[in-house]
Amino acid sequence: MSSGDIKDALPANIKSGFVALAGRPNVGKSTLLNLLVGEKVSITSPRPQTTRNRVMGIMTRSGIQVVFMDTPGIMRERSRLNKFMINQSLKAGMECDLLIFMTDAERPNYDSDRYALERLGGKKVPRLLLINKIDAVKKPELLAQIAELIKIAQFDEVFPISARTGEGVEAMVSKMVEYLPEGPQFYPAEMKTDQPERFYIGEIIREKAFRALQQELPYSTAVAIELVEDRENGATYIMGSIFVERDSQKGIVIGKGGSMLKKIGTMAREELEFRFGAKVFLELRVKVKEKWTVNPASLGDLGYVDKE
Ligand code: GDP
Ligand code: MG
């Protein structure tokens, strides 16, 4: 076999690369990622900080593969957990082929944007500014915001978009692809995320808990999946624990006579069954893990460890 034959056997070069999605919490990064990937790979919530670890979402189209890293928002850190999350974001911002910086047109905050951009450091890769939630503001307001934002940092392109309605998103994608290098297809086309299954299941349960409890649940709530087992009858058996920080929170998550936990479990099970296309048995417990947001050992137990 000549080298020419080998080359012919390899997939043709396509436009491919890694793109970091950065910005303050709650600007809509996860919403955009899910839209681009066409599947829910990252949880979204009206409350900030629902994205913990960085989540990879893979968008594959004909001749294009973009691996997005959805990152927790960059803001001034307080707890150890926040520090961990921010380091993840900064790393993603530094290890990418292109950086998307997203802001929220509905709630502009130039000081926070400036802070996040400073933390991301000087411009090393192409940088796009996405002003999201344009469905919620008027044009003149938007123009004023663009004028302010381009004073803060240098961007190669500016795109007003709505991750909710999809407005402006395709135009942004076409331009973004122009900035990406030629490269291999890193992942199979069917692969939408690199997250291990357990993490994904945990995120679905955590999202349902947030939806069911809204303001009552602190964002420090974590879910650990202890067991995922395919049974012979075709069903999947999943056992997980919801970790809260205090006894009082445990009571809230369990609810009167277990009603709240049952509600969370039912919502999660329905989504898991839909996703797996199989019957799911879900057993959930609530455990108190005191001060786990500041205890490095328990952070490790729950999978929030910085490997480097
Ligand atoms: P993240 O923290 O940056 O990942 O933000 P999320 O994707 O979790 O979104 C935060 C909130 O903003 C959620 O309630 C979303 O539904 C909402 N949101 C996201 N994109 C848009 C948008 O284009 N328009 C409007 N009006 N709301 C949006
Ligand atoms: Mg998010």
Side-chain angles (χ1 to χ4, degrees), residues 19-57 59 68-77 81-82 84-90 92-93 96 99-110 112-113 115-117 119-120 128-139 141-142 145-146 149 158-173 192-193 195 199-200 202-215 217-221 271 304:
V19 171
L21 267 173
R24 279 183 283 131
N26 234 20
V27 297
K29 299 179 295 294
S30 298
T31 305
L32 177 69
L33 181 75
N34 292 337
L35 177 74
L36 291 173
V37 171
E39 205 169 276
K40 192 141 110 192
V41 292
S42 184
I43 72 169
T44 61
S45 143
R47 304 188 59 214
Q49 290 304 133
T50 35
T51 307
R52 286 274 176 75
N53 290 11
R54 73 193 200 204
V55 175
M56 232 184 214
M59 181 185 90
F68 290 97
M69 286 171 291
D70 183 18
T71 62
I74 300 167
M75 40 34 166
R76 288 178 178 81
E77 60 260 38
L81 176 62
N82 277 347
F84 166 76
M85 294 193 293
I86 289 157
N87 283 337
Q88 292 284 305
S89 302
L90 291 171
C96 58
L99 176 72
I100 287 181
F101 186 79
M102 188 183 270
T103 66
D104 181 341
E106 203 179 8
R107 259 163 290 178
N109 184 335
Y110 307 121
S112 297
D113 289 337
Y115 177 78
L117 283 160
R119 291 290 305 267
L120 285 162
L128 312 188
L129 172 64
L130 266 54
I131 303 177
N132 189 31
K133 309 194 189 180
I134 56 167
D135 54 289
V137 293
K138 299 224 154 64
K139 265 242 168 66
E141 162 62 18
L142 196 60
Q145 288 187 21
I146 295 173
L149 287 161
V158 181
F159 292 98
I161 65 152
S162 169
R164 181 170 283 176
T165 67
E167 193 184 346
V169 172
E170 276 311 305
M172 182 279 291
V173 169
K192 306 279 190 195
T193 179
Q195 291 290 307
F199 175 75
Y200 187 47
E203 288 293 272
I204 288 174
I205 296 167
R206 213 157 64 86
E207 181 186 47
K208 300 309 175 199
F210 274 113
R211 293 231 186 269
L213 284 152
Q214 296 175 10
Q215 305 304 320
L217 196 64
Y219 82 74
S220 54
T221 304
E271 177 149 355
Y304 300 118

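Whatever order the structure lists ligands and atoms in, that order sets their numbers, starting from 1. Keep in mind it's a predicted model, so treat the numbers as computed, not measured. We use all heavy atoms of the structure for the numbers below, so side chains are in, but hydrogens, waters and symmetry mates are not.
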Q.
I'd like to check I161 versus L32 (side-chain heavy atoms, cut-off strictly below 4.5 Å). Are they in contact?
A. yes

Q. Which atoms of ligand 1 are found less than 4.0 Å from any heavy atom of A163?
A. 20 (N), 23 (O)

Q.
Looking at every non-hydrogen atom in both residues, tell me the closest pair between V137 and A105 and how far apart they are.
A. CG1-O, 3.3 Å

Q. Should the proximity of N132 to ligand 1, defined as any heavy atom under 4.0 Å, be assigned to the side chain, the backbone, both, or neither?
A. side chain

**Q.** Option set K133, R24, E106, criterion heavy-atom distance to atom 21 (C) of ligand 1, minimum
**A.** K133

Q: Would you mind telling me if ligand 1 is within reach of the side chain of D135, the backbone, both or neither, using heavy atoms under 4.0 Å?
A: side chain

Q.
Are V19 and C96 packed together at the side-chain level, in the sense that at least one heavy-atom pair is separated by less than 4.5 angstrom?
A. no

Q.
With heavy-atom distances below 4.0 Å as the criterion, list the atoms of ligand 1 near S162.
A. 22 (C), 23 (O)

Q) Considering residues, nucleotides and ligands other than E141, do more than 12 of their heavy atoms fall under 6.0 Å from its CD? A) yes

Q) Between G28 and ligand 1, is there a nitrogen or oxygen pair with a distance under 3.5 Å? A) yes

**Q.** Shortest heavy-atom approach to atom 2 (O) of ligand 1 - which of L33, N26, L21
**A.** N26

**Q.** Residue pair I100 / L130, side-chain heavy-atom distance below 4.5 Å
**A.** yes

